[in-house]
Amino acid sequence: MSEEHLLSHDIQKIMDEYDKADIVVSVSPSYWADIPGQFKAFIDRCTPWCNTHEPHATIKPGKKGYAIALRTGPNMPECERIISSIEHFYGHLEIECMGHLGLTSVEYKTDVEPRKNEIIEFCSNI
Ligand SMILES: Cc1cc2nc3c(=O)[nH]c(=O)nc-3n(C[C@H](O)[C@H](O)[C@H](O)COP(=O)(O)O)c2cc1C
């Protein structure tokens, strides 16, 4: 099997999972104030399913999307930028944006502990 064929098979498998899901939750750390390159490469690979051009592949309609961003630094705008990249991606897949959460000042697991209630409350609304 050619490398190109294997790569397209990988993305098809992930899109099959998207197709089965009612809810998509994307969680991203900040890497240099942006989504990680690996996540960006994934989004780029999804282009054949996006409504930016015709014809395009589709996933079933009616899906709901949530975005979660976290970073080590203290300011929320950096999380908002990441959330906006995820929501832009959802928009072109026609996944409805239902909510987002930005977590700042998270470096270690122990930093998440005091935020547990906030996270549980967000998750309970999904
Ligand atoms: C390459 C790299 C770049 C990062 N850049 C930022 C940054 O610009 N702002 C920030 O607040 N945190 C930054 N961080 C910290 C990460 O957002 C944070 O540690 C996150 O929890 C890492 O998630 P991971 O362990 O899944 O990679 C960076 C971490 C890495 C590894």
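Atoms within a ligand are numbered from 1 in the order they appear, just like the ligands themselves.
Near Trp32, with a cut-off below 4.0 Å to any heavy atom, the atoms of ligand 1 are 3 (C), 4 (C), 5 (N), 6 (C), 7 (C), 8 (O). Every atom of ligand 1 is numbered from 1 in the order shown, and the set under 4.0 Å from a heavy atom of Ala33 is 7 (C), 8 (O). In the vicinity of Leu70, heavy-atom distances shorter than 4.0 Å reach the ligand 1 atoms 17 (O), 21 (O).
Around atom 11 (O) of ligand 1, the closest heavy atom drawn from Gln38, Arg71, Lys109 belongs to Arg71. With atom 14 (N) of ligand 1 as the reference point, the heavy atom nearest to it among Cys79, Ser30, Ser28 is part of Ser30.
Although no hydrogens or angles enter the test, the distance criterion places a donor-acceptor pair under 3.5 Å between the side chain of Thr72 and the main chain of Val106. At least one donor-acceptor pair under 3.5 Å links the side chain of Asn125 to the backbone N or O of Glu121. Looking at Lys63, its side chain does come within 3.5 Å of a backbone N or O of Ala21 through a donor-acceptor pair.
Scanning all protein heavy atoms for the shortest distance to atom 18 (C) of ligand 1 gives Thr72 OG1, 3.4 Å. Ranking protein heavy atoms by distance to atom 24 (P) of ligand 1, first place goes to Tyr31 OH, 3.7 Å.
Exactly one of Gln12, Lys13, Lys20 qualifies for a side chain to side chain donor-acceptor pair (under 3.5 Å) with Asp16. That residue is Gln12.
Looking at every heavy atom in both residues, Tyr18 comes nearest to Ser26 through OH-OG, 4.5 Å.
Residue contacts with ligand 1 include Glu78, since one or more of its heavy atoms lies under 4.0 Å from the ligand.
The closest side-chain heavy-atom distance from Thr58 to Asp19 is not below 4.5 Å.
For ligand 1, the polar-atom distance check finds no N/O of Pro29 at less than 3.5 Å from any of the ligand's N/O atoms. Backbone and side-chain nitrogen or oxygen atoms of Gly73 are examined, and one is located within less than 3.5 angstrom of a nitrogen or oxygen of ligand 1.
Using a cut-off of 4.0 Å between Lys/Arg side-chain N and Asp/Glu carboxylate O, Arg81 and Glu78 are scored as not salt-bridged.
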